[in-house]
Amino acid sequence: MSESVLNVNEICKDFGGIRALDDVSLNVRSKEIAALIGPNGAGKTTFFNCITGIYTPTSGDVLVNPKDGSERRVNGMKPNHVTELGMARTFQNIRLFPSMTTLENVMIGTHCRTKSGIWGAISRNGKARGEEQAIIEKSYHLLELVGLERYANELACNLPYGKQRRLEIARAMATDPFLLLLDEPAAGMNPQETYDLQELVIKLRNEYGLSILLIEHDMKMVMSISDSVFVLDYGRLIASGTPKEVSENPTVIKAYLGEDEDD
Amino acid sequence: MDEKGAQSTLRFILTAGCDGYADSLKRSVLVALWFMFLTFPIMVIRVDTIENTIDWRWMNLAFVGVGSFVLSFLWRWLLERKELMKGQAARESVVERLLTQASTIPSARLGLLVVVAGIALAFPHMAGMYQTNIMISCLTYIALGLGLNIVVGLAGLLDLGYVAFYAVGAYAYALANMHWGIGFWTILPIGALLGTLFGIMLGFPVLRLRGDYLAIVTLGFGEIIRLVLENWGDVTMGPSGIAGIDRPTFFGIEFGVMDSINYMYYIMLALIVLTIFCVNRLQNSRIGRAWLALREDEIACQAMGIDKTKTKLMAFALGATWAGMAGVVFAAKTTFVNPASFTFWESAIILSVVVIGGMGSIRGVIAGAIILILVPEYLRAFSEFRMLIFGATMVLVMVFRPQGLIRAKRKVYTYDKSTVAGAANE
Ligand SMILES: Nc1ncnc2c1ncn2[C@@H]1O[C@H](COP(=O)(O)OP(=O)(O)O)[C@@H](O)[C@H]1O
Ligand SMILES: [Mg+2]
């Protein structure tokens with residue numbers, strides 16, 4: 001049994017009177033592909049926002065285990081510090097930097113791993129130049145990884161939708177994460193693109209040793225690539241387990257078929 | 001153009017892109033009638049108080065009617081044309097294309113650079129003192145525009161109080177010179193530093209604000225600085241200002257008025273070259289990219305590990321540094337400063353230079369300053385209409401070229417696999 005990299009204990013998130021997350025606990029183990037599913041409005045994106053510092057959970061703990069083995073509580077941390085710890089994410093509604101080039105978008109991701117400041121930029125001393133060169137190389141390699149190297153100097157807003165989603169993954173990878181959070185990465189993709197994405201996710205896990213937590217509506221993809229599945233409904237975790245267990249769980253079937261809830 | 005193409009073009013011109021001739025004519029006629037009605041009391045009726053009669057100037061009514069008809073038609077036509085050319089608008093304009101071509105061919109680039117440098121260097125000797133003076137003020141606006149461009153164009157923080165930092169630099173020199181007789185060259189770096197400090201001072205309280213709120217607070221900051229200068233008479237000499245500031249010396253040598261203006265011109269030119277050099281390097285650096293990311297999407301920027309606070313503060317501080325330096329030069333050039341030189345109007349002009357020229361584009365800012373500062377100077381003949389022309393230019397640029405005259409271009413990175421492989425082997 002490998003140790004866990006993300007350990008969420010009973011987090012709640014209230015928006016005014018609405019409880020968007022209600023006592024959600026979840027555990028992602030190292031080098032695992034975990035899926036978070038649930039109907040629209042279940043609170044999946046809110047969950048991502050809570051663990052990446054964009055929202056502060058109303059109560060509960062979010063604990064992460066970076067590679068160095070120390071456990072860190074990230075509630076209330078700023079998003080950039082969470083990213084620095086090694087959690088990187090993509091967004092459901094794509095949030096690239098539209099008027100920057102594809103390569104530059106990935107280069108942004110390296111920001112928190114590099115140091116050169118104003119003086120380095122103006123003087124372009126040896127150190128700054130070396131770092132810049134390393135950033136370009138790393139970013140270019142990441143573009144190759146997601147198959148976008150041909151578009152390196154295109155503006156990000158000119159890429160087709162599916163490629164923008166892949167670019168977001170490359171940008172997240174540039175922050176050197178140990179845990180990758182993907183929010184509906186296959187949304188709006190055709191079957192071929194979805195298949196390629198699936199391959200990419202598996203490759204990231206196998207070759208880069210990443211742990212991956214993804215939100216996805218495409219059940220075929222979820223069932224075929226994930227090691228464990230968590231199901232959210234109305235802000236509650238209603239089921240978790242292997243894909244097979246979850247797909248046979250009557251509560252889940254009920255939630256997905258939209259039957260009346262009887263407590 | 002073949003006949004069919006010509007015909008459709010003609011048709012398009014005549015219909016102004018509306019459904020038909022009748023429609024476009026009708027709309028323009030309506031506009032004309034409306035304007036005739038609105039301007040009727042002032043343009044047509046004139047009461048002659050001496051003879052106690054009323055003049056009916058029907059001729060004016062005709063002028064208004066015809067004028068507004070033509071303008072309305074033209075306006076509609078331009079707007080439609082813009083809609084039609086939408087696909088092409090994404091492409092570069094002729095000037096932009098020429099500039100890009102010139103900068104990709106090394107020899108052309110060198111040639112262009114030499115020509116520009118030659119003109120810039122020879123300018124004070126070819127033109128008279130008057131022209132040189134105007135040019136200095138244009139250069140000052142270029143420096144200010146490039147500084148504000150860091151804050152507004154690159155980092156996307158709308159700063160309406162930029163002139164405050166300019167005032168800080170100018171008063172720093174004026175006061176230091178008046179009280180302690182400190183010279184220009186000592187104060188220049190100190191003025192820059194003071195600008196930085198004030199930039200950080202403004203930056204801290206507004207870190208959480210964006211957009212309109214930020215604009216309002218920075219506007220207030222600018223006014224506060226001006227009011228302090230105006231009312232703190234014991235220190236700043238109040239509204240009457242400080243006169244008799246020393247002109248810069250050249251290693252202790254003082255110049256006469258004429259030479260001194262030329263000298264000022266070269267100092268300003270050097271400052272511009274330094275600014276362009278720094279801004280150019282900054283905008284394609286790690287910091288510059290962080291500014292752009294902040295401008296484009298604040299949440300994604302933070303989620304990618306960029307410290308928003310630090311990045312914003314750096315933009316404010318650096319932008320203010322240039323304003324501080326420009327302020328010192330301004331005080332040395334005019335040898336007189338008073339609070340009236342640092343009103344909101346000044347901030348608005350600097351912002352217009354950036355916005356009209358092209359946010360985030362160095363060449364754009366230069367073009368913007370030349371158009372907004374030089375053109376009004378040479379149009380003194382129409383001085384009553386200066387504000388009108390200024391406003392009209394703004395509106396036209398915003399409607400037809402919202403990205404500014406010369407758009408910012410992103411750096412093209414060439415990546416050569418073989419060299420990288422070689423480097424990896426070393
Ligand atoms: N910033 C917010 N303010 C108020 N309500 C919110 C906010 N963000 C999300 N919600 C609410 O929380 C619920 C869960 O939304 P979300 O997490 O986006 O669902 P999904 O599972 O589809 O990603 C929704 O009812 C939504 O209206
Ligand atoms: Mg969602």
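Lettering follows sequence order; numbering is per chain, from 1.
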*Quick one: does A:Asn80's side chain get under 4.5 Å of B:Lys308's, heavy atoms only?*
no
Cut-off 4.5 Å, heavy atoms of chain A, and the answer for B:Thr309 is side chain
Cut-off 4.5 Å, heavy atoms of chain B, and the answer for A:Glu131 is side chain
Comparing A:Met87, A:His81, A:Met107 against chain B, the one with the most heavy-atom pairs below 4.5 Å turns out to be A:Met107
So CG of B:Asp297 and CZ of A:Phe97: to nearest 0.5 Å the spacing works out to 6.0 Å
Taken to the nearest 0.5 Å, the spacing of A:Thr83 OG1 from B:Asp307 CG works out to 11.0 Å
Turns out that what part of A:Ile118 lies under 4.5 Å from chain B's heavy atoms comes down to both
Looking only at B:Cys301, B:Gly360, B:Ala300, B:Ser285, the option with the highest number of non-hydrogen pairs under 4.5 Å against chain A is B:Ala300
Treating B:Arg286 as the side-chain partner and A:Thr114 as the backbone partner, does any N or O pair qualify as donor plus acceptor under 3.5 Å? yes
Count the heavy atoms belonging to other residues, nucleotides or ligands that lie under 6.0 Å from CZ of A:Arg73, then report whether that count exceeds 12. yes
One option among A:Ser116, A:Ala152, A:Ala128, A:Gly117 has the most heavy-atom pairs under 4.5 Å with chain B, and it is A:Ser116
Worksheet item: Between A:Glu132 and B:Arg289, is the closest basic N to carboxylate O distance under 4.0 Å?
Response: yes
Enclosure of A:Phe48 CZ (heavy-atom neighbours >12, cutoff 6.0 Å):
yes
Q | Test item: A:Thr175 side-chain N/O and B:Met304 main-chain N/O as donor-acceptor pair under 3.5 Å | A | no
Other residues, nucleotides, ligands: >12 heavy atoms within 6.0 Å of A:Arg205 CZ:
yes
One option among B:Leu292, B:Asn280, B:Ile299 has the most heavy-atom pairs under 4.5 Å with chain A, and it is B:Ile299
* To do: Taking atom OH of B:Tyr213 as the centre, report whether more than 12 heavy atoms of other residues, nucleotides or ligands fall under 6.0 Å from it.
  => no
Ranking A:Pro98, A:Gly53, A:Ser99 by heavy-atom pairs under 4.5 Å to chain B gives rank one to A:Ser99
Honestly, the part of A:Thr110 sitting under 4.5 Å from a heavy atom of chain B is neither
If you count heavy atoms of other groups shown closer than 6.0 angstrom to CZ of B:Phe204, is the number above 12? no
Bottom line for A:Ile54: the part with an atom under 4.5 Å from chain B's heavy atoms is side chain
Distance col, row B:Gln302:CD vs A:Cys112:SG, nearest 0.5 angstrom, shows 12.5 Å
